[in-house]
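For reference, the structure discussed in these notes is given below.
The analysis underlying the following values was restricted to heavy atoms, covering all of them including side chains, and did not include hydrogens, waters or symmetry mates. When a ligand or atom number is given, it counts from 1 through the structure's own listing order.
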Amino acid sequence: MDFQKNKEKILIIDFGSQLTKLIARRIRDIGVYSEVLTPKQISKLEYFDQIKGIILSGGPSTVTKKKYESIPKKIFDQKIPILGICYGLQLISKIFGGKIKSSNKRREFGRAFLINKKPSLLTKNFFNTKQSVWMSHEDAVYKLPKNFKIIASTKNSKLTIIENTKEKIYGVQFHPEVTHTDNGKKILANFVFLICKIKKKWNISSQKKFLIKEIKKIVKKEKVICALSGGVDSSVVALLIHKAIRKNLICIMVDTGLMRKNEFKFTYKKFKKKYNLNVKLINASQLFLKKLKNISDPEKKRKIIGNLFIKIFEKEAKKINNVKFLAQGTLYPDIIESRSSTGSKTSKIKSHHNVGGLPKKMNLKLLEPLKEFFKDEVRILGKTLGLSKDINFKHPFPGPGLAIRIIGKITKEKVKILQEADNIFINELVNNNLYDKIWQAYAALLPFKTVGVMGDSRTYEYTCMLRAVTSEDGMTADYFNFEKYFLDKVSSKIVNNVKGINRVVFDITSKPPSTIELE
Ligand code: XMP
């Protein structure tokens, strides 16, 4: 299902930079639809009608070697404006006869200052008195390609912004997409509006009607099932599809018993009563506890939960006749990552659990209406669909739930203790207006008991660990620096109200070297 087939767009060719997604987001932020393709995909492209501009991303490849990532020459024959960023600039230079080398003298990492050499459409209203830009390159262009002109330099590299106005080809050595580049958005906006001359049309709220129409067209009178977890993505998917096909969407909520206190039943009621969805709640908490008995190994826990979830979902789905589609909350970053241009898979740190893998066994067609959207766009969509703020702005929560926040063996008693402590922490965050400033926060139960004293008695109970992090996308994170009074308050509330905990600690590691979750 390609929802945006006939849309005017800026195409971004991904040479493997961590920042490619950010370029796509920035372009959408300024009101223009953008898509990311790999060099391989672009070489198969036959129609360029809707493509109004092309951006070549940065990447780990180097044109100084014999073999390097490239794109077919035909791309340059389309007369579509092109902007190369970092590796993109080096590739353009190589293709048009410039010279590039890797040198200690020319490499730049971090902040650099631009020297303006010549006016250009690309840099209109961009320069300020001390224009700083963010660099990350070892290779540098030292001989200008034919028919190109220098627009700006830095102390280390002469060819920092170059242009060929006749061919509408531009290159910047720095990264305009990062916030460390002052005014970087202006470069992207100038390229998109002044050079590509594309109109500002992309607006996520206006996508709602379009998506509903497309879903109706695809699904017709068939039935769709959806695993609803109450997280943002599956909730938005369910509301969207429900708007299109009403009762032909059947949602299944599998309660693993490993969710936050009361959250699952609360979400179920909301979807059933407030949003009027056709939703079935399966209480499988006993079964999950039974299967997890005596299991301490994190990977085993994850596998057991993932497999059991799929088994239960499948069993329930089979009870419904004539289902043709499975709806999933796949997002655009998942799509970009699964077809990384370098093909290199980052080493597996943890096996994540989601409902992927279901359709193969069940012979269902996938319906993924969010697969062209970023998380913040999904939240805007959620708002226009009337999704309540508590769900729409909920922190991410891992599929295996509290099982990976109870270190060591899981028991019913431990789940209950943790739910109570976690509930106190989260409520305090909300009441102190801190919840929305934090990417993710939770309480965990550590696998040992320590001695304490309460009143005149000795206690011997569990330790609760609090974690709260800020992050952009969960890939890197820093711990949230609470004021002392807040931690004091949460700590004493937990110890005073949760039987089974006599000590509270706060995790102050960032990711890396730690991860956000403990297991
Ligand atoms: P880590 O612990 O790897 O977590 O730093 C990064 C982000 O991923 C979430 N996470 C998961 N999400 N299924 C999920 O859907 C999982 O199995 C899973 N494990 C971790 C984690 O909560 C954080 O937001």
Can the ring centres of His395 and Tyr435 be said to be less than 6.0 Å apart?
->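 Yes, close enough.
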
Between the side chains of Thr62 and Asp139, is a donor N or O closer than 3.5 angstrom to an acceptor N or O?
-> yes

Have Gln440 and Tyr442 got a donor and an acceptor in their side chains that come within less than 3.5 Å?
->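 Tyr442 and Gln440 do not have a side-chain donor-acceptor pair below 3.5 Å.
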
[X] heavy atoms, cut-off 4.0 Å: which ligand 1 atoms fall inside?
| X | result |
| --- | --- |
| Arg302 | 16 (C), 17 (O), 18 (C), 19 (N) |
| Lys511 | 1 (P), 3 (O), 5 (O), 6 (C) |
| Thr515 | 1 (P), 2 (O), 5 (O) |
| Pro400 | 13 (N), 16 (C), 17 (O) |

Decide whether a cation-pi geometry holds between Lys7 and Phe210; the criteria are a distance under 6.0 Å from NZ or CZ to the six-membered ring centre and an angle within 45° of the ring axis.
-> yes

So is Lys9 actually on top of Tyr33's ring, under 6.0 Å and inside 45° of the axis?
-> no

I want to know if ligand 1 touches [X] in the polar sense, i.e. an N/O pair below 3.5 angstrom.
| X | result |
| --- | --- |
| Ile404 | no |
| Glu517 | yes |
| Pro396 | no |

State plainly whether the residues Lys389 and Asp436 are in salt-bridge range, i.e. N to O under 4.0 Å.
->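 Yes, this pair counts.
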
